[in-house]
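Structure first, commentary second.
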Amino acid sequence: MDFAALTDWYDHNHRRLPWRETRDPYRIWLSEVILQQTRVAQGLDYYDRFVGRFPSVADLAAADEDEVLKLWQGLGYYSRARNLHAAARQVVERHGGIFPTAYADVRALKGIGDYTAAAVVSFSADAPYPVVDGNVYRVLSRLLDIDTPIDTTAGKKEFAEAAFALLAEYLVRKGHRGAGLYNQAVMELGALVCTPRSPQCAACPLAGGCLALKRGTVGERPVKRGKTAQTPRFFHYLHITDEHGRTAIRRREGNDIWKGLYEFPLVETPTGAEFGTLPLPFADFVWQGSVRMPKHVLSHRIIHAVFHRITVTDLTALSLPDDWRVIPSGRLGDYAVSRLTELYLTRDR
DNA sequence: TAAGCGTGGTG
DNA sequence: TCACCAAGCTT
């Protein structure tokens, strides 16, 4: 690999992003978690809000999980927010509130895998660990023309070894400094030049040594095995209100989508169903109508959701399931909700 | 270990 | 419209 061309390209072309203006491992970690499976443009505002609300890892650890989820609302993959909060508490307990920069310590924190650990320690402390993310898979699969599927155990091993070998070679030539810069450069090249579609090979500093470009296989790299099908789910939400301006919500628990978020009481059916067939925990109510939402598409699910509007006299007088919370309707905005529920609450009427 | 986990952008 | 994707991790 032409390392000099790569780092020279990076110096002149990289984006100035807020998490690149610091070597604070806490902020770098925060940005890396936000950016997992997420575009920079989508994560930027969230990063600013998190840094503003939680200037230090101790501030984050001291917060309630619900507040962290509320700040994360709309970003998706909510386990990231729960793990972020849990990891902050681990940092306080294990490291006295000082975010670690030793790879093993970082890797041991909740929600941090091989990629994020390498990113944090190399960007913050220039530690010699190669990052292997989607960008790197793409760059290396083309540079070395590797056709092993990246979403297999064998593929992950092969790419990790290739990444390690390249970083080692770079470090030997550079006097064992600059791992962070090298990692940033490879990733940025993947993000701006070696893109999934229409890669800009003419502008690529590594084009001269790119095996896939020479062989004409750029469009076939990287190889991925397969995608899992999107299966449908049918959600019936009970939007219950009473004469005192109250409504009922509950927190999603268990290993399912939107864990930790709040929503109206839900009845899930195996297929589509009519309101009259749904079981309700009380009998004295008036059905005001139903709102069918557009198909809500997740990565592995398509949710068919209907919000049923129901009125009762006094929610607090009813015998309701233990996990229901009766709250003033005006306080709904205090709770983290899915985009689906947010869309319902903010829809045009 | 393959499947599950969100949302929004793009060609 | 639709497939594919965007700085992955957990179980």
Side-chain angles (χ1 to χ4, degrees), chain A residues 14-15 17-20 27-47 69 72-84 86-87 106-120 122-123 130-139 149-157 159-160 163 180 183-192 194-199 219 222-231 233 252 254-261 263 294-303 305 336-343:
Chain A
H14 75 82
R15 297 165 290 180
L17 300 169
W19 45 85
R20 287 183 173 155
R27 293 190 180 205
I28 291 168
W29 164 65
L30 185 59
S31 74
E32 290 303 334
V33 175
I34 286 173
L35 292 173
Q36 286 168 9
Q37 303 289 285
T38 303
R39 284 185 165 74
V40 167
Q42 193 187 359
L44 264 174
D45 291 346
Y46 285 86
Y47 176 80
L69 281 166
W72 199 271
Q73 177 175 313
L75 199 51
Y77 284 149
Y78 296 94
S79 66
R80 291 183 293 169
R82 300 193 309 272
N83 288 334
L84 189 82
V106 175
R107 180 64 178 80
L109 298 171
K110 274 207 155 196
I112 296 187
D114 291 341
Y115 163 75
T116 303
V120 169
S122 69
F123 299 164
V131 292
V132 186
D133 72 333
N135 291 305
V136 177
Y137 278 123
R138 196 164 52 249
V139 171
I150 61 173
D151 52 351
T152 60
T153 302
K156 293 183 202 314
K157 185 171 185 291
F159 279 90
N183 280 337
Q184 293 267 18
V186 179
M187 290 174 62
E188 193 74 343
L189 187 74
L192 300 183
C194 195
T195 49
R197 281 165 297 192
S198 311
V223 174
K224 288 187 186 179
R225 194 170 238 174
K227 50 170 175 17
T228 51
Q230 290 175 318
T231 57
R233 293 179 72 170
R252 287 185 68 87
N255 291 319
D256 199 357
I257 59 171
W258 300 330
K259 181 179 179 181
L261 303 193
E263 63 187 13
K295 279 187 295 189
H296 193 74
V297 180
L298 284 62
S299 52
H300 292 67
R301 304 286 182 200
I302 297 179
I303 296 175
V337 299
S338 68
R339 189 62 100 199
L340 172 64
T341 291
E342 189 185 5
L343 286 171

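Note that this is a predicted model, so its numbers are computed, not measured. Throughout, protein chains are lettered first and strands after them, A, B, ... in sequence-line order, and every chain is numbered starting at 1.
Using a 4.0 Å heavy-atom distance criterion, A:Arg138 is classed as a sugar-phosphate-only contact. Counting any heavy atom pair closer than 4.0 Å across all strands shown, A:Thr116 reaches sugar-phosphate atoms only and no base atom. At a threshold of 4.0 angstrom between heavy atoms, the contacts of A:Trp19 include nucleobase atoms, whether or not backbone atoms are also involved. Using a 4.0 Å heavy-atom distance criterion, A:Gly190 is classed as making no nucleic acid contact. Among the atoms of the strands shown, only primed sugar atoms or phosphate atoms (P, OP1, OP2) are found under 4.0 Å from some heavy atom of A:Lys224. Within the 4.0 angstrom heavy-atom criterion, no nucleotide atom of any strand lies near A:Val136. Among the heavy atoms of the strands lying under 4.0 Å from A:Leu17 is at least one base atom, whether or not backbone atoms are also near.
The shortest distance between side-chain heavy atoms of A:Arg20 and A:Phe123 does not fall below 4.5 Å.
Scanning both residues, A:Thr38 and A:Arg80, for their nearest heavy atoms gives OG1-NH1, 3.0 Å.
Distances shorter than 4.0 Å separate some side-chain N or O of A:His296 from OP1 or OP2 on B:dT7. Residue A:Gln42 places none of its side-chain N or O atoms closer than 4.0 Å to OP1 or OP2 of B:dG8.
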Got a list of protein N/O to nucleotides 2-5 of chain B N/O distances below 3.5 Å?
unit_1: B:dC5; atom_1: OP1; unit_2: A:Asp256; atom_2: OD1; d: 3.2
unit_1: B:dC5; atom_1: OP2; unit_2: A:Arg301; atom_2: NE; d: 3.1

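Where A:Gly76 and A:Arg197 meet DNA chain B, the nucleotide closest to each residue was compared, and A:Gly76 sits on the side nearer the 5' end. Residue whose closest nucleotide on DNA chain C sits further toward the 5' end, between A:Ala191 and A:Arg107: A:Ala191.
Aromatic ring pairs are classed by plane angle as parallel below 30°, tilted from 30° to 60° and perpendicular above 60°; the pair A:Trp19 and A:Tyr47 is perpendicular.
For the side-chain contact (heavy atoms from CB on, under 4.5 Å) with A:Arg301, the lone residue among A:Arg233, A:His296, A:Gln230 that qualifies is A:Arg233.
Taking the side-chain hydrogen bond (donor to acceptor under 3.5 Å, both in side chains) definition, one finds that A:Arg39 meets it with nothing, sequence neighbours left out.
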